[in-house]
Amino acid sequence: MTKNQRIKRAARILKEGGLVAFPTETVYGLGADASNSTAVLKIYEAKERPSNNPLIVHLADLEQLPIWAKNIHPLVYRLAEYFWPGPLTLVLQKQPSIPEVVTGGQDTIAIRIPKHPIAQELLKTFGGGIAAPSANKFMRISPTHASAVKQELGSCVDMILDGGDCEVGLESTIIDMSGEVPALLRPGMLTTQAIERVLGCKLNAHSTQRAPGQHLVHYAPQTKTTILSSEKITDFLLQEENVGLVTLDELGSDPNQYAHNLYRVLRALDNQKFSRIIIEEVPATPEWEAIRDRISRACTKE
Ligand code: TXA
Ligand code: MG
C-alpha cells in the first residue's frame, strides 16, 4: 500500500468508529472520531484508562476551532500563530455539543493542531476532530516509534500508521487558556519562557488538579527506577549489579536531543528486565523543565 492509500484506509477506519494509532511530532496518539462517543469509549478500554481522564482533540487547522471551543480568548490566536501546528495543547471552554466522554465530564476541552506530516494528512483526509491520548497503556511510557505502539496496544488497535521516530519525543506542553490567567498544566519541550514571551505575561504555576490524569507516578517503566547524581551512580554501581543506566553522555547533553531519545531508551531498558534503572540527574535549568518532570514521574516512590 502507498502512503496515500494507508492514510485513506486509516481515515475510513476512523469514520467507521475504529481506532487508529498515528505519529505526531511529540509521541504516537491513539485516535478515534471525537464526535463518536462509542468510538471514543474504545480508547479508554484499549488504554485501560479511567473514563474521567479527558482526551486531547486534534484538528487539522484553526478554522475548525470554533466547532469545539467557545469564548476563545484573543491570546489563543496569538499562541496559535506562533506555535500551531506544533507540540502545544490548549485547554479551552468547550462547546456544549461536544460528547462528555471526550472531556471526562469537564466543561473544558484540550485542543492541539499537530505538525507531523502524517498526522496532518490524516486529519485533512478525515475532515473532523480526532480524540487521541498517547498510545500506551494507562500510566506507562508514551510510545515514540511504531513498534512501541504495537508492544503497548497490540490487537486493541485497528491500524498503526508508521511514521518512524517522533522528533520531539515528550508529550506536548499543555496551557490552560479557559480562565482569566493562562496556566501551565504540563511542561513540554516548547518551554514556559517561549510561551510567556509570546503571551507577554507570566503563566500561573502548574496545578495538577486542573489536569486530571497527571498522576505523580506516570510515564513509568515497570522496572524500579531511581534518579542519582553522577557521583552517587559510581558508588551505587559498586553495590548493585544488573543495573540499566540512562546518562547524559549517552542520551545527549542538548535537551532536545535528550528528550528525543529518552522514552525509546527507557522502554528498551525496561524490556531488558534489569533489577533497577538509574537515571543520571539532569541540569536544573529551564530548558530541562519538561525532562525533569517526566523523569521524576518515571521514578519509583520507595
Ligand atoms: O503530545 C501529546 O500531547 C500527545 C499526542 C498524542 O498529542 N497526547 C497526550 O495525551 O499526551 P494524554 O491523554 O496522554 O495526555 C493528555 C492530558 C491528560 O492527562 C489531561 O491531564 C490533560 O491532557 N487534559 C485533557 N483535557 C483536559 C482538560 N479539559 N482540562 C485539563 N486537562 C486536560
Ligand atoms: Mg499519556
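Just so it is clear, the model here is predicted, and its values are computed rather than measured. Note that ligands are numbered from 1 as they come in the structure, with each ligand's atoms numbered from 1 the same way.
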Among His145, Glu152, Gln272, the one residue meeting side chain to side chain donor-acceptor pair (under 3.5 Å) with Arg267: Glu152
Heavy-atom side-chain contact between His260 and Val168 under 4.5 Å: no
contact_flag Leu185 ligand 1 heavy-atom lt 4.0 Å: yes
Atoms of ligand 1, numbered as shown, that sit under 4.0 Å from any heavy atom of Glu171: 1 (O), 11 (O)
Ala110 neighbourhood, listing ligand 1 atoms whose heavy-atom distance to it stays under 4.0 Å: 25 (C), 26 (N), 27 (C)
Option among Thr103, Leu92, Ile111 that satisfies the side chain to side chain contact (heavy atoms under 4.5 Å, CB included) test with Trp68: Ile111
Check: Arg49 N/O within less than 3.5 Å of ligand 1 N/O: yes
Candidate with minimal heavy-atom separation from atom 5 (C) of ligand 1, of Gln93, Glu25, Arg112: Arg112
Flag for Arg186-Thr89: side-chain donor and acceptor within less than 3.5 Å: no
Atom indices of ligand 1 within 4.0 angstrom of Ile56 heavy atoms, with elements: 3 (O), 8 (N), 9 (C), 10 (O), 16 (C)
Nitrogen or oxygen atoms of Tyr28 and ligand 1 under 3.5 Å apart: no
Distance filter under 4.0 Å to Gly29 heavy atoms, resulting ligand 1 atoms: 6 (C)
Under 3.5 Å side-chain donor-acceptor pair for Ser134 and Arg140: no
Pair Thr2, Asn4: side-chain N/O donor-acceptor within cut-off below 3.5 Å: no
N, O or S of Ser134 under 2.8 Å from the Mg ion (ligand 2): yes
Subset of ligand 1 atoms that lie under 4.0 Å from at least one heavy atom of Leu55: 25 (C), 26 (N)
Electrostatic pair Lys115-Glu167, nearest N-O below 4.0 angstrom: no
Nitrogen or oxygen atoms of Thr108 and ligand 1 under 3.5 Å apart: yes
Close approach, His58 and ligand 1, non-hydrogen under 4.0 angstrom: yes
Ligand-residue contact atoms, ligand 1 with Ile174, heavy atoms, under 4.0 Å: 17 (C), 22 (C), 23 (O)
Test side chain to side chain contact (heavy atoms under 4.5 Å, CB included) applied to Ile118 and Gln120, His116, Glu121, the passing residue: His116
Residue Thr26 vicinity, atoms of ligand 1 by number, heavy atom under 4.0 Å: 1 (O), 2 (C), 5 (C)
Min N/O separation Ser134 to ligand 1 under 3.5 Å: yes
